[in-house]
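Counting starts at 1 for both ligands and their atoms, following the listed order. Here, residue 1 is the first one in the sequence, and each next residue gets the next number.
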Amino acid sequence: MLNRARRIVIKSKAEIELMRQAGSVVAKALAEVRKNVKPGISTGELNDIAEEVLNRHNAKPVFKGYPSPHAGGQPFPATITACVNEELVHGIPSYDKILREGDIFSVDCGAYYQGWVGDAATTIAVGRISKEAEKLLQVTEQALYLGIAQAKTGNRTGDISAAIQEFVEQNGFSVVREYTGHGVGRNMHEDPQVPNYGEKNHGVPLRQGMTIALEPMVNVGTWRTKLLDDGWMVVTADSSLCAHFEHSFAVTDGEADILTLL
Ligand code: MG
Ligand code: MG
């Protein structure tokens, strides 16, 4: 989602602990969705499951009501974004959209808790999936962790970007250019932007207390995407499969502190 506050905000230890609580609610919602993903369930039902977890923890959905990036477009109406196969990001869940054996389902969720945002995403196999889809999920998730491994003081955002791009392309897939990782905090989108492609030693220097939502989006085919007529759903331009994994984390002088864990 595209509206950006355009500033880097360094968080205190106490603020990072609140972000961890927000992140934990998101992780619980995604875990509950994962548990319920099976052939025959609708993405609308999975949205209800996530929303129930947020409600139970006194958290509010970040995406619901999020303004459309396009003039005159409808605000986002749901708690999760729900995408299947060639659908990349920002899909609106629906009771008419039924998951089938062999699909891959990607789900993104944001929660506000005590004024702080957690933001995470994952892609889930529906029953048995193809070898190619399996590899896509593995490569995308591993790319996320390779990126996170570069997130430490002394490095720059470009070190994260380059690690993701290099690994994905070595594996024969491509990284999406139009949508990027981002700073996260009281707002879902803060600076810096962290693209999933780029060059080592470039970009913004990483500092302790920066909090970032990193989210590689990986396509089997071309990196190009297109926006559908509903103004939200983004699909791969060539209809190839795609996957999306995301964690929010805090930068430290050592290993990054992942905030969107159970
Ligand atoms: Mg997200
Ligand atoms: Mg995000």
Side-chain angles (χ1 to χ4, degrees), residues 1-9 11 19-20 22-34 43 46-47 50-51 53-54 59-69 75-83 87-93 105-113 116-124 140-141 143-145 147-148 151 157 160-161 164 175-197 210-218 225 232-234 242-251 256 258-261:
M1 298 185 184
L2 304 168
N3 297 0
R4 294 180 186 281
R6 308 232 60 87
R7 64 196 182 109
I8 295 175
V9 186
K11 281 77 175 184
M19 288 187 67
R20 191 188 312 283
S24 166
V25 176
V26 170
K28 288 183 174 88
L30 293 180
E32 201 58 33
V33 167
R34 177 179 290 277
T43 62
L46 293 168
N47 179 66
E51 188 159 312
V53 174
L54 267 58
K60 292 258 175 296
V62 178
F63 300 170
K64 199 183 248 188
Y66 202 88
S68 168
F76 196 81
T79 293
I80 61 168
T81 65
C83 294
E87 299 168 354
L88 178 69
V89 284
H90 305 170
I92 297 174
F105 171 63
S106 94
V107 48
D108 195 339
C109 184
Y112 283 116
Y113 183 76
W116 294 91
V117 173
D119 184 13
T122 189
T123 304
I124 301 164
T140 310
E141 186 170 24
L144 170 61
Y145 287 106
I148 292 173
T157 52
I160 299 173
S161 308
I164 292 172
V175 286
V176 170
R177 308 293 200 265
E178 294 99 324
Y179 306 93
T180 71
H182 50 90
V184 61
R186 286 195 182 276
N187 299 296
M188 180 163 62
H189 292 130
E190 299 178 353
D191 270 352
Q193 285 191 48
V194 188
N196 298 305
Y197 65 98
M210 282 174 65
T211 44
I212 291 171
L214 188 63
E215 47 183 318
M217 299 167 199
V218 175
T225 65
W232 281 108
M233 177 75 87
V234 176
C242 54
H244 179 205
F245 284 78
E246 176 179 32
H247 272 308
S248 302
F249 59 82
V251 175
I258 299 178
L259 303 173
T260 38
L261 299 174

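Looking at Glu215 and the Mg ion (ligand 2) together, the shortest N, O or S contact belongs to OE2. Restricting Glu246 to its N, O or S atoms, the one at the least distance from the Mg ion (ligand 2) is OE2. When the N, O or S atoms of Asp119 are ranked by distance to the Mg ion (ligand 2), OD2 comes first.
Counting backbone and side-chain atoms alike, His182 contributes an N/O/S atom closer than 2.8 Å to the Mg ion (ligand 2).
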Evaluation steps, side chain to side chain contact (heavy atoms under 4.5 Å, CB included), between Val107 and Arg34: CA-CA 9 Å; Val107 48; Arg34 177 179 290 277; over 6 Å; no

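Panel note: side chain Ser248, backbone Asp119; a donor-acceptor pair is recorded below 3.5 Å. Side-chain atoms of Asp191 do not come within 3.5 Å of backbone N or O of Gly183 as any donor-acceptor pair.
A side-chain contact (heavy atoms from CB on, under 4.5 Å) with Cys109 holds for exactly one of Leu54, Thr81, Val25; it is Leu54.
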